[in-house]
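Right, one structure below, let's go through it.
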Amino acid sequence: MKPSIPQGTRDFSPEVVRKRQYIFDTLRNIFELYGFQPLETPAMENLVTLTGKYGEEGDRLIFKILNNGLHEKNENDKAKLNAEWANMLTKPYTSPVVTERALRYDLTIPFARYVVMHQNDLALPFRRYQMQPVWRADRPQKGRYREFWQCDADVVGSTSLINEAELLSIYSRAFQQLGLPVVIKVNSRKLLQGLSVICGYPEKMMDITIAMDKLDKIGWTGVTAELQARGISDEGITTLENAIMITGSNAEKLESFERVMASSEVGMAGVAEIRKALNYYETLNPGKGAEVAVDISLARGLNYYTGVIVEVVCSHPDVKMGSIGGGGRYDDLTGLFGLKGLSGVGVSFGIDRIYDVLDELGLFPQQLVQGANVMLVNFGGENEQFALTLLAQLRAAGVATEVYPDAAKFDKQMKYANKRGFAFVLLPGDEERAAGEVSVKNFVTGEQKRMAVADAIRLLAEG
RNA sequence: GAGGCUGUAGCUCAGUAGGUUAGAGCAUCAGAUUGUGGUUCUGAGGGUCGAGGGUUCGAAACCCUUCAGCCUCCCCA
């Protein structure tokens with residue numbers, strides 16, 4: 001059979017893993033520096049934990065796991081099983097008889113589930129980061145995979161806008177450290193609610209938001225058409241246009257929003273929370289933070305955000321990639337699992353997309369693509385023992401080293417060394433062994449010198 | 001869920017109007033060369049032309065079906 005992997009999944013070859021680890025390490029260090037604690041949850045959750053949390057579209061994209069042992073059911077159960085199968089074949093529907101587990105869809109809901117389950121043990125506010133794969137039964141395309149990694153940082157149990165500012169700082173620091181130019185777009189669900197109020201359709205916030213989110217893509221004329229299709233009057237559209245076309249610095253925009261939103265209490269609250277979060281952010285990053293831009297057209301798909309929402313896009317002109325990170329405030333996330341009144345705020349890094357962008361822009365550090373630094377040639381016989389002794393000594397000195405395991409032809413060993421890209425190749429042969437020496441070949445320059453074993457180890461240990 | 005493109009060697013691809021035994025580069029292996037890699041030279045192995053059916057004297061090519069991959073919209077990270 002021809003080997004293959006499931007659609008939308010990828011193998012990560014050694015060089016790729018190194019580059020990915022560079023991203024993970026960068027993020028992990030920052031998360032730790034900001035006082036976040038690591039968390040891991042299972043790859044699979046009970047299906048009921050996930051369903052209904054991501055909207056109708058989200059439910060469709062959950063990877064469900066078929067129950068084991070269906071064939072072992074007794075006759076009564078099988079009748080039910082048949083009925084449920086029939087159901088599933090005619091409509092979007094699942095039954096615990098057929099499937100009761102599913103692959104993790106994101107990291108936020110499992111986190112909420114964790115917090116509720118461990119509420120008595122946690123010191124609130126609880127700050128956690130989590131870097132694990134998630135799965136979506138989506139149709140793969142550029143920048144979209146069925147298995148991809150998320151790196152999330154969330155704070156639960158505090159409504160302070162300092163948390164928003166901290167998370168913005170994490171975004172800022174992470175992308176600055178990675179050398180990636182970004183714009184962090186900020187908005188508030190309350191501002192969007194306010195918009196729907198002032199244009200006269202408080203119940204159509206979702207429709208209005210979805211339409212306005214497309215501003216970047218389809219322009220205002222496109223948005224107008226969309227709004228009309230969703231039943232917004234011309235006066236309402238004009239009101240929205242006046243708000244969405246506001247330009248200027250963040251402070252200027254917020255001032256203008258304040259005037260526009262004057263008749264909406266919730267809208268005013270939105271302005272206030274963005275202003276406060278940005279003030280904190282400015283204090284944490286005086287004059288050196290990444291660009292943060294207030295953007296009233298920004299929407300986020302997930303249903304549970306209630307306050308500040310953010311999205312990160314790469315601002316490099318050559319890069320065509322959707323958002324590489326996003327997040328927001330959810331006032332009552334754990335309420336879904338029976339723990340009321342616990343507010344959370346979090347951000348997520350889409351590291352697969354970040355990888356693609358870094359790769360495209362050539363922003364990975366050069367020295368990442370190295371493994372072991374030194375290879376010992378295997379000349380066989382007595383020399384094999386000699387090589388192993390050297391191997392142990394080099395490793396004891398902290399030099400990443402490997403020995404060619406077979407006494408293969410010299411040419412073959414050298415070709416292998418070349419392909420692997422070792423910095424040095426050591427030749428422990430008869431003459432060297434007899435003299436207590438070893439030949440050290442710099443594989444970059446081709447230069448080769450014989451020297452005492454101790455000197456060779458010192459040289460290589462110093463790099 | 002809607003639409004578009006592509007499937008030929010391990011990889012990237014060529015293959016003229018439908019006409020001998022389906023090619024190239026890279027990779028692999030062997031040799032030149034059992035103590036000197038990257039460069040070079042010689043040679044070798046490797047193909048159900050995605051699958052099934054049809055048209056034809058003849059199909060990798062044309063038609064139908066199907067599968068897979070990629071891309072766009074929707075939505076998302």
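Taking atom C1' on both B:rG23 and B:rU72, the two are 34 Å apart, rounded to the nearest angstrom. With P as the reference atom, B:rA24 and B:rU42 are 13 Å apart, rounded to whole Å. For the P atoms, the distance from B:rC76 to B:rG3 is 22 Å, rounded to whole Å. Spacing between B:rA61 and B:rA22 at atom C1', rounded to whole Å, works out to 12 Å. For the C1' atoms, the distance linking B:rA60 with B:rU16 amounts to 14 Å, nearest Å. Rounded to whole Å, the P atom of B:rC63 lies 37 Å from the corresponding atom of B:rA27. One C1' atom belongs to B:rC62, the other to B:rG19, and the distance between them is 15 Å to the nearest Å. Distance check on atom C1': B:rG25 versus B:rG15 gives 15 Å, rounded to whole Å.
Looking at A:Arg127, its side chain does come within 3.5 Å of a backbone N or O of A:Tyr34 through a donor-acceptor pair. Judged by distance alone, with hydrogens and angles left aside, the side-chain atoms of A:Arg173 form no donor-acceptor pair with the main-chain N or O of A:Ile30 at under 3.5 Å.
Residue A:Gly143 is in base contact, counting any heavy-atom pair closer than 4.0 Å across all strands shown. Among the protein residues, A:Ser348 comes within range of no part of the nucleic acid, since none of its heavy atoms lies under 4.0 Å from any strand. Counting non-hydrogen atoms under 4.0 angstrom, A:Ile5 reaches nothing in the nucleic acid. Among the atoms of the strands shown, only primed sugar atoms or phosphate atoms (P, OP1, OP2) are found under 4.0 Å from some heavy atom of A:Ile324. Within the 4.0 angstrom heavy-atom criterion, no nucleotide atom of any strand lies near A:Gly326.
Atom pair A:Asp106:CG and B:rC76:P shows a separation of 13 Å (rounding to whole Å applied). Distance A:Asp352 CG to B:rC76 C1': 13 Å, rounded to the nearest Å. As a whole-Å value, the separation of A:Lys449 NZ from B:rU36 C1' is 17 Å. Straight-line distance from the NZ atom of A:Lys419 to the P atom of B:rC26: 14 Å, rounded to whole Å. Separating the CZ atom of A:Arg146 from the P atom of B:rC76 is a distance of 18 Å, rounded to the nearest angstrom. Atom OH of A:Tyr416 and atom P of B:rC29 are 13 Å apart (whole Å). Note: CG (A:Asp356) to P (B:rC71) measures 10 Å, nearest angstrom. Rounded to whole Å, atom C1' of B:rC75 lies 13 Å from atom CZ of A:Arg139.
Under the stacking definition used here (centres under 5.5 Å, planes under 30°), the residue A:Phe379 qualifies as stacked on the base of B:rG35.
Scanning atom types as modelled, one donor and one acceptor separated by under 3.5 angstrom connect the side chain of A:Gln448 and the base of B:rU36. A donor N or O paired with an acceptor N or O is found under 3.5 Å between the base of B:rG35 and the side-chain atoms of A:Glu432. For B:rC76, its base sits under 3.5 Å from the side chain of A:Arg353 at one donor and acceptor pair at least.
Of the charged side-chain nitrogens involved, at least one lies within less than 4.0 Å of a carboxylate oxygen, so that A:Lys190 and A:Glu273 count as a salt-bridged pair. A salt bridge is defined here as a Lys NZ or Arg NE, NH1 or NH2 lying under 4.0 Å from an Asp or Glu carboxylate O, and A:Lys412 with A:Asp406 fails to meet this definition. Comment: A:Arg20 engages A:Asp352 in a salt bridge, judged by a side-chain N to carboxylate O separation of less than 4.0 angstrom.
In this entry B:rC62 has B:rG54 as its Watson-Crick or G-U wobble partner, both defining distances falling under 3.5 Å. Pair assignment for B:rA32 gives B:rU40, based on Watson-Crick or G-U wobble hydrogen-bonding distances that are each under 3.5 Å. Under the Watson-Crick and G-U wobble criteria, each requiring two contacts below 3.5 Å, nucleotide B:rG46 is left unpaired. When both distances must be under 3.5 Å, the Watson-Crick or G-U wobble mate of B:rC73 is B:rG1. Nucleotide B:rA24: paired with B:rU12 (Watson-Crick or G-U wobble, both distances less than 3.5 Å).
One finds a side-chain N or O of A:Gln7 lying less than 4.0 angstrom from the OP1 or OP2 phosphate oxygen of B:rG69. Contact annotation: A:Lys214 does not reach the phosphate of B:rC76 (side-chain N/O to OP1 or OP2, under 4.0 Å). Between A:Gln141 and B:rU72, a side-chain N or O to OP1/OP2 separation shorter than 4.0 Å is present. Residue A:Lys409 has no polar side-chain atom (N or O) positioned under 4.0 Å from OP1 or OP2 of B:rA30.
Atoms CG and CG, on A:Leu278 and A:Leu168 in that order, are 7.0 Å from each other to the nearest 0.5 Å.
Ring planes of A:Phe175 and A:Phe349: tilted class, angle from 30 to 60°. Taking the six-membered ring where the residue is Trp, A:Phe422 and A:Tyr416 present tilted rings, their angle falling between 30° and 60°. Relative ring orientation between A:Tyr22 and A:Phe364 is described as perpendicular, the plane-to-plane angle rising above 60° on a 0-90° scale split at 30° and 60°. Ring planes of A:Tyr54 and A:Tyr105: tilted class, angle from 30 to 60°.
Taking the side chain of A:Met414 as heavy atoms from C-beta on, and the options B:rG37, B:rG3, B:rC74, the nearest nucleotide is B:rG37. For A:Pro140, counting side-chain heavy atoms from C-beta on, the closest listed nucleotide (B:rA77, B:rG1, B:rC70) is B:rC70. You'll find that the side chain of A:Ser439 is closest to B:rG35, out of B:rG35, B:rC74, B:rU28. Which of B:rG35, B:rA77, B:rC71 sits closest to the side chain of A:Lys142 comes down to B:rC71.
You'll find the side chain of A:Val425 stays beyond 4.5 Å of the side chain of A:Val374, heavy atoms only.
Both A:Gly8 and A:Ile210 lie close to RNA chain B; mapped to their nearest nucleotides by heavy-atom distance, the more 5′-ward contact belongs to A:Gly8.
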task = Summarise protein proximity over nucleotides 38-44 of chain B in one line of letters, 5' to 3': B for base, S for sugar-phosphate only, - for none, counting protein heavy atoms closer than 4.0 Å.
result = B------

